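Hydrogens, waters and symmetry mates are skipped; everything else that's a heavy atom, side chains included, is used. Note that the structure is predicted; figures quoted are calculated from it, not measured. Labels below follow one simple rule: chain letters A, B, ... track the order of the sequence lines, proteins then strands, and each chain is numbered from 1.
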There are 4 protein chains.
Amino acid sequence: MAVSIQSEKAPPEEKNGKTRERRNRNDSVIDEAIAVMSEKGYAATSIQEIADRVGVLKGSLYHYFSSKEELLFRIIEKSHQDTSRISAEVGALDLPPLEHLLEHIRRTSEWFLRNRERAHIYFTEVRNLSGERHAEAIQWGRMFETDVSALVTAGQENGTIRDDLDQRLVTRYIIGTMNNLRSWPSRPGSKKQFGNDQIVDAAVTLIADSIRAGSD
Amino acid sequence: MAVSIQSEKAPPEEKNGKTRERRNRNDSVIDEAIAVMSEKGYAATSIQEIADRVGVLKGSLYHYFSSKEELLFRIIEKSHQDTSRISAEVGALDLPPLEHLLEHIRRTSEWFLRNRERAHIYFTEVRNLSGERHAEAIQWGRMFETDVSALVTAGQENGTIRDDLDQRLVTRYIIGTMNNLRSWPSRPGSKKQFGNDQIVDAAVTLIADSIRAGSD
Amino acid sequence: MAVSIQSEKAPPEEKNGKTRERRNRNDSVIDEAIAVMSEKGYAATSIQEIADRVGVLKGSLYHYFSSKEELLFRIIEKSHQDTSRISAEVGALDLPPLEHLLEHIRRTSEWFLRNRERAHIYFTEVRNLSGERHAEAIQWGRMFETDVSALVTAGQENGTIRDDLDQRLVTRYIIGTMNNLRSWPSRPGSKKQFGNDQIVDAAVTLIADSIRAGSD
Amino acid sequence: MAVSIQSEKAPPEEKNGKTRERRNRNDSVIDEAIAVMSEKGYAATSIQEIADRVGVLKGSLYHYFSSKEELLFRIIEKSHQDTSRISAEVGALDLPPLEHLLEHIRRTSEWFLRNRERAHIYFTEVRNLSGERHAEAIQWGRMFETDVSALVTAGQENGTIRDDLDQRLVTRYIIGTMNNLRSWPSRPGSKKQFGNDQIVDAAVTLIADSIRAGSD
DNA sequence: GATGAATGAGAATTCATTCAT
DNA sequence: GATGAATGAATTCTCATTCAT
């Protein structure tokens, strides 16, 4: 269901049957976990249900993770890695602040839309982690926010982003909007729904028009 | 249910000052439920925990609701009623579409911020309802969306709202932004945080600037 | 629902309103308890359900009995008293053994049919009593059996009842048959159903034909 | 359900004699459930008690059934299957109606006596089933009754069974008598008690003598 | 890797009973 | 007598996790 970002890398499937099978089942466990957890929420998701979908007995799942929480952590961790990488990639383009910010929004939003279910978990289930894992995930969230925040500040400083509104409010507005993209009307029901590109374009346009300096 | 005939006699309340805990536990139950559920999520919230906070045994809570799900439903129902009323009040002002929409956003957003926890539950926990209750809550969500949607369309028709973006995307953008206000940095942590008014002002400004016709 | 045998005595209702109301509610509690318990069984019957039917709050029922078990005991006790009285009345007729037995069966069966629900409880719920009450009810059951047993023995001794079958088996057969009359097809569904008289007649005929000496 | 592939390899059971409790707990669970339920009644039987007797924790029982009601259903279902099979076997003997009926009574009664506890549950606990399961069990009861009913009618038509009594009353009388055999005095208390054979013989004799045509 | 029986803790819910008003 | 809130114990059921095979 969820399109694994794995597929963006070179497909490593040609190795041999044994490996592929293992890989596949491992992926399958994650994929099904993502599917169920994003639908029902982490707490309401039972290991049983994931096992049913994978086609394995409950006990067998523990060959693939050591605890339900660790499974959640891995899902969130992967989201962090992917979005971090995107952030770095955009950074490497060396654009001026506003353009940098908009490109960041664009690419990150694309990832969120391509990985709607995973992103949903990333945004809503961190509170179910505990201890070290919780602290780490919180830290990741802060990093994500900091990235945006720095760009907003830079834009305000060079006069391309409005500075009548506090940087923190603008940052939250941007993140919140990206966060919500997963619930914008998307293709699956087809008909008059929208593709990910259209949604991203609309979002970037709206955000740009609202934060650009001199827009009012 | 059965109305006591006692109440026809002289009220016997004057006996002594020791009012024997005649607190309205009903409100207390709802309040504590909202607090815990918004923090941990519905599924991860146990009746035990609510009971502990209220200060009664968990079995006693069943005097106030018939099931955990019904408790959730009541919380959501109240949110719907409040936001519905706000919607009606704004409608009575008879403003032109864009002004109407912005005032709607402003007042609804104020409610969301004043009732952050309840609003959070309203937006995230509907999926934990089942059957009839689920259907009804979904219906309420649609009504909420329809209200905004109609105003967007009207604004596009009278030329005050940009029409280069599909009405459904604009609607989702607006709702998503309101939906996220609860995570904007608010006073509680004080210091340099923001009051509800400031947050609402910023949100309305940002939304207005992004959807107004001719803004680009 | 269950026709109280009370009505066989002179109606004491004319006393005064207060007394009548109390009497009625007391009876009503017993009647509803019988109705629910015979339908669902003692263990599956909740005090709540009886209260609902009586139209009173659960807690109020404890003005009428001191515990659920005591309520059951009273129902069973009354059954015992009624059938005991019937047994005594038949005994006073001074009939020869077989005739005595058949008349005993006839009148007791009539009572069982007129008080189907109560009789059902009497036969099936004794095990839910405990301690002293259980012992007493067991004792009543033995008395009931002894009455029949003595008549069977006497009939075998004077040659009117077959003696090729052990007295204890014949006794159990008779009691078992009476015990089951409550499930014979009775009038309520009317149409081609049977009245209590017809059922009793058939039962007495069948029993008589099977236990009479020289019938084979 | 899933057959382990392990079994294709050499069976590793020869390791040591300590066969590690590979008892068929499935049967044990049913047996203990029958024992407790027949003694206390379904509603008064707790899962805890069954678990204690089986020697596992109560949660573990849910490997063997999915709900207490399903457990009851399985017990009743087995009774139905057994008695149905008996009915079919007797039918295959191709006897004239009265002989057919008596043989049916004889064999079914034997089963009831050999499976007293199960039979007791079969006869008294159907009301604790709900929905689909209840409907099915009710249907089985009707089939049982129909079998007897058809034989009575046939016997009346060929003149071997008395027809001065309505077929439905005779049918109920027969079923009621079989139903009650479980409380006839049996061996367990030994001494002067009776074996199942003697009880069946007596019952068949009594029934035969009461329903045969021309017996009065 | 996979099985499936078992665990142990905890969940929601029910319910007979009490008692101050 | 009646109320209704509260109790406390028990009940059914769920679930993450373990482990010998």
Exercise. Distance between the P atoms of dG1(E) and dT21(F), in whole angstroms?
Worked result: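 22 Å, rounded to whole Å.
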Rounding to a whole Å, what distance do you find between [X]:[atom1] and [N]:[atom2]?
X: Leu72(B); N: dA12(E); atom1: CG; atom2: C1'; value: 15 Å
X: Leu57(D); N: dT11(F); atom1: CG; atom2: P; value: 15 Å
X: Leu61(B); N: dG4(F); atom1: CG; atom2: C1'; value: 15 Å
X: Arg25(A); N: dA2(E); atom1: CZ; atom2: C1'; value: 9 Å
X: Asp52(B); N: dG8(F); atom1: CG; atom2: C1'; value: 15 Å
X: Asn26(C); N: dA2(F); atom1: CG; atom2: P; value: 10 Å

Exercise. Can you name the one residue among Trp140(A), Phe123(A), Tyr122(A) that meets ring pair (Phe, Tyr, Trp, His ring centres under 6.0 Å) with His80(A)?
Worked result: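 That would be Trp140(A); it is the only one of Trp140(A), Phe123(A), Tyr122(A) passing the ring pair (Phe, Tyr, Trp, His ring centres under 6.0 Å) with His80(A).
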Exercise. Looking only at heavy atoms, which two atoms of Ile50(A) and Val36(A) are closest? And how far apart?
Worked result: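 Minimum heavy-atom separation between Ile50(A) and Val36(A): CG1-CG2, 4.4 Å.
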Exercise. Is there a side chain to side chain contact (heavy atoms under 4.5 Å, CB included) between Asn128(A) and Glu69(A) once you walk through the steps?
Worked result: CA-CA 8 Å; Asn128(A) 291 295; Glu69(A) 193 187 311; over 6 Å; no
For this session: With side chain to side chain contact (heavy atoms under 4.5 Å, CB included) as the test, would you mind laying out the steps for Glu39(D) and Glu117(D) before giving the verdict?
Result: CA-CA 8 Å; Glu39(D) 187 198 331; Glu117(D) 298 184 324; over 6 Å; no
For this session: Determine, for Glu49(B) against Lys40(B), whether the closest basic-nitrogen to carboxylate-oxygen distance falls under 4.0 angstrom.
Result: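 Looking at Glu49(B) and Lys40(B), the cut-off is met.
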Exercise. Less than 4.0 Å between a side-chain N and a carboxylate O, is that true for Arg133(D) and Glu70(D)?
Worked result: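 No, Glu70(D) and Arg133(D) are not salt-bridged.
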For this session: If a protein heavy atom is under 4.0 Å from the base, mark B; if only from the sugar-phosphate, S; if neither, -; do that for nucleotides 12-18 of chain F going 5' to 3'.
Result: BBB-BBB
Exercise. Dot-bracket, DNA chain F: Watson-Crick or G-U, under 3.5 angstrom, [ ] crossing, | other strand?
Worked result: .||||||||||||||||||||
For this session: For the pair Ser66(B) (side chain) and Tyr62(B) (backbone), establish whether a donor and an acceptor sit closer than 3.5 Å, ignoring hydrogens and angles.
Result: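 Answer holds: no.
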Exercise. Looking at OG1 of Thr124(D) and CE of Met37(D), how far apart are the two atoms once the value is rounded to the nearest 0.5 Å?
Worked result: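 It is 11.0 Å, given to the nearest 0.5 Å.
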Problem set entry | Atom pair CZ/OH of Arg127(C) and Tyr42(C) - distance to nearest 0.5 Å |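 Atom-to-atom, Arg127(C):CZ and Tyr42(C):OH are 12.5 Å apart.
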Exercise. Are OP1 or OP2 of dA5(E) and a side-chain N or O of Tyr64(D) less than 4.0 angstrom apart?
Worked result: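 For dA5(E), neither OP1 nor OP2 has a side-chain N or O of Tyr64(D) closer than 4.0 Å.
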